[in-house]
Amino acid sequence: MQTSQIYGPTLREIPAEAELVSHQFMLRAGLMRKSTAGVYTYLPLGLIVLHKIMAIIREEMTSAQGQEILLPIMQPAELWHETKRWDDYGDEMFKLVDRHKRQFCLGPTHEEVITALVRADVRSYRQLPLRLYQIQNKYRDEIRPRFGVIRGREFIMKDLYSFDIDEQGLHESYQAMFQAYTRIFERCGLSALPVEADSGAIGGDATHEFMVLADSGEADIVYCSACDYAANVERAEFVAPDVHTITNDSANSDCIQELDTPHTTTIDELTSALEISADKLIKTMIYLADKKPIAALIRGDYTLNEVKLQKALDCQELVLADAQTTEQVTSAPVGFAGPVGLSIPIIVDYSVMTMSHGITGANQRDLHLANVTLGRDYQATAIADLREAKSGDPCPHCSEALESARGIEVGQVFKLGTKYSEPLEATFLDENGKKRPMIMGCYGIGVSRTMAAIIEQNHDSDGICWPINVAPYHVIIVPVNYKDEAQKNVADAVYRQFLDAKVAVVLDDRHERPGVKFKDADLIGYPIRITVGPRLLPEKQVEVTIRHNKEQLTIHLDEVLEKVSRLLYG
RNA sequence: CGGGGCGUAGCGCAGCUUGGCUAGCGCGCCUGCCUUGGGAGCAGGAGGCCGGAGGUUCGAAUCCUCUCGCCCCGACCA
């Protein structure tokens, strides 16, 4: 291919809308253009990269006994009603109506359709296990599309669904996918970390997310450098404290004392007014769980994790109560809530179990209570792990201090169990002729997002440094002056030589000044650049530049194909 | 959905507060000359419904109302 023929206009300036480097470079290098918020057109170079990522995925899916199919984007509402997700998925789903007033959605995910497909055709355990996958556009009406292709409303995803006869089979499918994912991201030139995760709206038991560590990532994760524990903070657990410590401590505690705390409503104000540290305080937060008020208690210096609280409460909707509700429930202004005397459910974090001299709100204006003790002064409806993990917290496996990082989620694997096969009645007859629901798993990779993640991890100030496996082309040949007969002849000859050797090569045949061509080559990120110029040509030599480390080699024309091939393919 | 910001040439922006001549600048684009090792130079040129609708006014990019779109922060998510 010749660069003059490639439709991929490069931009000198950074488009105002792009915040992340990956987004900026994808636009500047001419890989894609925006169509509307969260929706993009891929141009030739960008599409080649996508195809390369997909090819890697397909190979690994095939090795893991995956079979490719293509499910519809447009899906009927009835299916989604069967699993109750038509409403549960809510505003995030693009919904549409046909001329007969029938309702449809653009698939945000495909559990329903694929389960419906399999239930129609699979009846016997002899037909299982099945691992079916697709690479398909998905649609989610994101509240706020962001970061270019990383949070789009239309995006490309690979999703595989496994159907097994029992837990053991599911476990094998899960492991097979887990390992395939590890290989896929490695081959894409990414360092991706599998972390324990929360299963969210899709539901299910075990789940891991594959995170590409990047400061620009949206997910907060913690990991242990002493063992292999790693988790999304939504999920990261704390070990429950020893029960014996609790009873002993509370027996020794002093009686409740009232503290005058005029206009002192926040943790910060309390610590300075009372001259104590935040770990002596008990934060009481009033939430509305499915519209009913509940109180959640956690130590003053910790952050409450709403995902954990929602799980502990087993509710659909969880929001922090408004001021009015809080005042009604606690009969005090916001900032003076406490557990003593409350008549709503009280969920207590582990951190509060061992606190015998806790300071809490008194449910009365300008008043707090000291020495508040669980079991004596108030009762817990439930005790749970509600705390959000952060750097320095103990690892739940080995107690070493955790470290924190941010990550871009590029893939996730779920054990779904019978969450979809039961409501959708995807069943089979086992060897005893007994009807059983299939045991399912689902496994996704954000393909378009992976492309952005690769750029986040592989770039410098000049542009993208594509890993070879996903580079749109491997080599670019840049004649310094293509109008110069000698340079043109050599450049053309080297180009032909590489073409014949089946190397993915482009020739910069534009009559541009060299600076322009070098800048574009760096921006687009061809792994190897071969410069044909007047300096070395008399010696029958060319200059070979390695994009990712800027290393330059002088190579004789007779050896250029061989040496470059070795650089590329080892 | 709450908070903030922005829509003026393909891209990046000025002009708007205080209404007034033909709406500007840089980059890109076209033609010619010239130049060729890191986004050159000279000369000429094309390109605008100033996001849209309504209003105020003798007169609106500029003021008012409504609307659409885009971006950022937050709550939600591959």
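Values in this document were obtained by computation on a predicted structure and should not be read as measured data. Naming convention: chains lettered A, B, ... in sequence-line order (proteins, then strands); numbering from 1 in each chain. Note: hydrogens, waters and symmetry copies are ignored here, and every other heavy atom, side chains too, is used.
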Min side-chain heavy-atom separation A:I524-A:Y473 under 4.5 Å = no
For atom [atom1] of [X] and atom [atom2] of [N], their distance in whole Å:
{"X": "A:K517", "N": "B:rG37", "atom1": "NZ", "atom2": "P", "answer": "10 Å"}
{"X": "A:D508", "N": "B:rG38", "atom1": "CG", "atom2": "P", "answer": "15 Å"}
{"X": "A:N481", "N": "B:rC34", "atom1": "CG", "atom2": "C1'", "answer": "13 Å"}
{"X": "A:Q487", "N": "B:rU35", "atom1": "CD", "atom2": "C1'", "answer": "13 Å"}
{"X": "A:H23", "N": "B:rC72", "atom1": "NE2", "atom2": "P", "answer": "8 Å"}
{"X": "A:M157", "N": "B:rC77", "atom1": "CE", "atom2": "P", "answer": "14 Å"}
{"X": "A:R510", "N": "B:rG38", "atom1": "CZ", "atom2": "C1'", "answer": "13 Å"}
{"X": "A:R151", "N": "B:rA75", "atom1": "CZ", "atom2": "P", "answer": "12 Å"}

Check this for me, if you would: do [X] and [Y] make a salt bridge, where the nitrogen-to-carboxylate-oxygen distance has to be below 4.0 angstrom?
{"X": "A:D508", "Y": "A:R510", "value": "yes"}
{"X": "A:R387", "Y": "A:D349", "value": "no"}
{"X": "A:R235", "Y": "A:E196", "value": "yes"}

Ignoring hydrogens and angles, state whether a donor on the side chain of A:D492 or A:Y482 is under 3.5 Å from an acceptor on the partner side chain.
-> yes
Does one side chain, of A:H208 or A:Y174, offer a donor that lies under 3.5 Å from an acceptor on the other?
->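 A donor-acceptor contact under 3.5 Å links the two side chains.
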Between the side chain of [X] and the main-chain N/O of [Y], is any donor-acceptor distance below 3.5 Å?
{"X": "A:N305", "Y": "A:E234", "result": "yes"}
{"X": "A:K158", "Y": "A:Y443", "result": "yes"}
{"X": "A:K52", "Y": "A:A471", "result": "yes"}
{"X": "A:R547", "Y": "A:D522", "result": "yes"}

Starting at the 5' end of RNA chain B, which residue's closest nucleotide do you reach first, A:I156 or A:L11?
->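 Final value for this comparison: A:L11.
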Let me know, please, whether A:E92 or A:A16 comes out on the 5' side of the other along RNA chain B by nearest nucleotide.
->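 Between the two, 5'-proximity favours A:A16.
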Which one, [options], comes nearest to the side chain of [X]?
{"X": "A:V516", "options": "B:rG39, B:rC72, B:rG37", "answer": "B:rG39"}
{"X": "A:K483", "options": "B:rU36, B:rG12, B:rC77", "answer": "B:rU36"}
{"X": "A:D522", "options": "B:rG37, B:rC76, B:rG38", "answer": "B:rG38"}
{"X": "A:F518", "options": "B:rG39, B:rC77, B:rG38", "answer": "B:rG38"}
{"X": "A:I143", "options": "B:rC76, B:rU36, B:rC77", "answer": "B:rC76"}

So, is A:R144 close to the B:rC70 phosphate, meaning a side-chain N or O under 4.0 Å from OP1 or OP2?
-> no
Watson-Crick or G-U counterpart of B:rC34, or none if no pair lies under 3.5 Å |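 Here B:rC34 is not engaged in any pair, so there is no nucleotide opposite it.
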Watson-Crick or G-U wobble mate for B:rG47, both contacts under 3.5 Å =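 Its partner is none (no Watson-Crick or G-U wobble pair with both distances under 3.5 Å).
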C1' spacing across the pair B:rA14 / B:rU31, given as an integer number of angstrom =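 Straight-line distance between the two C1' atoms is 29 Å.
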RNA chain B-proximal residues of residues 529-536 of chain A, any heavy atom under 4.0 Å |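 Result for residues 529-536 of chain A: A:R529, A:T531, A:G533, A:P534, A:R535, sorted by number.
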In residues 27-40 of chain A, what residues come within less than 4.0 Å of RNA chain B, judged by heavy atoms?
->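 Within this stretch, A:R28, A:K34, A:T36, A:A37 sit under 4.0 Å of the strand.
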For nucleotides 23-30 of chain B, give me every protein contact, N/O to N/O, under 3.5 Å, one pair per line with atom names.
residue: B:rG26; atom: N2; partner: A:E13; partner atom: OE1; Å: 2.8
residue: B:rG28; atom: OP1; partner: A:R12; partner atom: NH1; Å: 3.4
residue: B:rG28; atom: OP1; partner: A:R12; partner atom: NH2; Å: 3.0

Could you go through the side chain to side chain contact (heavy atoms under 4.5 Å, CB included) check for A:F104 and A:F94 one step at a time?
-> CA-CA 9 Å; A:F104 296 84; A:F94 277 107; over 6 Å; no
Nearest 0.5 Å, what's the OG1-CZ distance between A:T62 and A:R58?
->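 Between atom OG1 of A:T62 and atom CZ of A:R58 there are 9.0 Å.
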Looking only at heavy atoms, which two atoms of A:V560 and A:I530 are closest? And how far apart?
->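 Minimum heavy-atom separation between A:V560 and A:I530: CG2-CD1, 4.0 Å.
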